[in-house]
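Below is one structure, written out as structure tokens; comments come after it.
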Amino acid sequence: MRYLHTMVRVKDLAESLDFYCNKLGLAEVRRMESEAGRFTLVYLAAPQDRQSGTGNDAPLLELTYNWDTEDYGGGRNFGHVAFEVDDIYAICQKLADQGVTINRPPRDGYMAFIRSPDQISIELLQKGAALPPQEPWASMANTGVW
Ligand SMILES: C[C@@H](O)C(=O)SC[C@H](NC(=O)CC[C@H](N)C(=O)O)C(=O)NCC(=O)O
Ligand code: NI
């Protein structure tokens, strides 16, 4: 298992990129736009982490910008901590056998969500898996997972 990123939700993407990049010194390594989900994901890496890897392998900060404004009161600006796993079905079964609730099962072989005892959202992403054609969040709308 490898640590991937921490996700935070941002209200103003330009303002956040100015802060994290121009001020804090992080650099954008990639971004993804979702028309279906109406959001943008921007992945940032710290300079020394980028020097040590290809950028894609560096531990990252994932900014989530929802195109439809949301009020992130009550800690909703924090999203999740993500880890890459070798076998998402096996680790979810092991966790379930240990009594952990799999809030979002890995039915697409790509992504699963669990929560810590303090309800911290933890995302598990299958190593080497491509984004499924049916964007995984499309099936999560209004499920209360986030
Ligand atoms: C690619 C992988 O690293 C992701 O984090 S995609 C996870 C997905 N994100 C969204 O749907 C973003 C928009 C959504 N409205 C939101 O604000 O989260 C997701 O499943 N998010 C749920 C979560 O708890 O992070
Ligand atoms: Ni993520």
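Source: prediction; values computed, not measured. When a ligand or atom number is given, it counts from 1 through the structure's own listing order.
Those atoms of ligand 1 with a heavy atom of Phe39 less than 4.0 angstrom away are 10 (C), 11 (O), 12 (C), 13 (C). Of all atoms in ligand 1, numbered sequentially from 1 with element shown, those under 4.0 Å from a heavy atom of Met7 are 18 (O), 25 (O). Every atom of ligand 1 with a heavy atom of Thr64 under 4.0 Å away is listed here by number and element: 12 (C), 13 (C), 17 (O). Applying the 4.0 Å criterion to heavy atoms of Glu123 picks out, from ligand 1, the atoms 2 (C), 3 (O), 4 (C), 5 (O), 6 (S), 7 (C).
Side chain of Asp87 to backbone of Tyr89: a donor-acceptor contact under 3.5 angstrom is found. Here the side chain of Arg2 pairs no donor or acceptor atom with the backbone of Val85 at under 3.5 angstrom. In this structure a side-chain-to-backbone donor-acceptor pair under 3.5 Å is missing from Tyr43 to Leu61.
Ion pairing between Arg31 and Glu28 holds under the 4.0 Å rule for side-chain N and carboxylate O.
Under the 4.0 angstrom criterion for non-hydrogen atoms, Tyr110 is in contact with ligand 1. Ligand 1 has at least one atom lying under 4.0 Å from a heavy atom of Tyr43. Within the structure, the closest approach of His5 to ligand 1 falls below 4.0 Å when heavy atoms are considered.
Within the 4.5 Å cutoff, the side chain of Leu125 has no heavy atoms near those of the Phe83 side chain.
Hydrophobic cluster membership differs between Leu13 and Phe39, with clusters built from Ile, Leu, Val, Met, Phe, Trp and Tyr side chains linked at under 4.5 angstrom.
Side-chain contact annotation: Gln126 with Tyr110, donor-acceptor N/O pair under 3.5 Å absent.
Of all protein atoms, those that are N, O or S and lie under 2.8 Å from the Ni ion (ligand 2) total 4.
Every side-chain contact (heavy atoms from CB on, under 4.5 Å) that Thr101 has, sequence neighbours left out, goes to Asn103. For Glu123, the side-chain hydrogen bond (donor to acceptor under 3.5 Å, both in side chains) criterion is met by His5, His80, not counting sequence neighbours.
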Atom pairs and distances, donor-acceptor, side-chain atoms in residues 90-98, under 3.5 Å, two or more places apart:
{"from": "Gln93", "atom 1": "NE2", "to": "Asp97", "atom 2": "OD1", "distance (Å)": "2.7"}

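Polar contact check, His80 against ligand 1: a nitrogen or oxygen pair lies under 3.5 Å apart.
Residue contacts with ligand 1 for Arg104 are absent, since no atom lies close enough (heavy atoms, distance under 4.0 Å).
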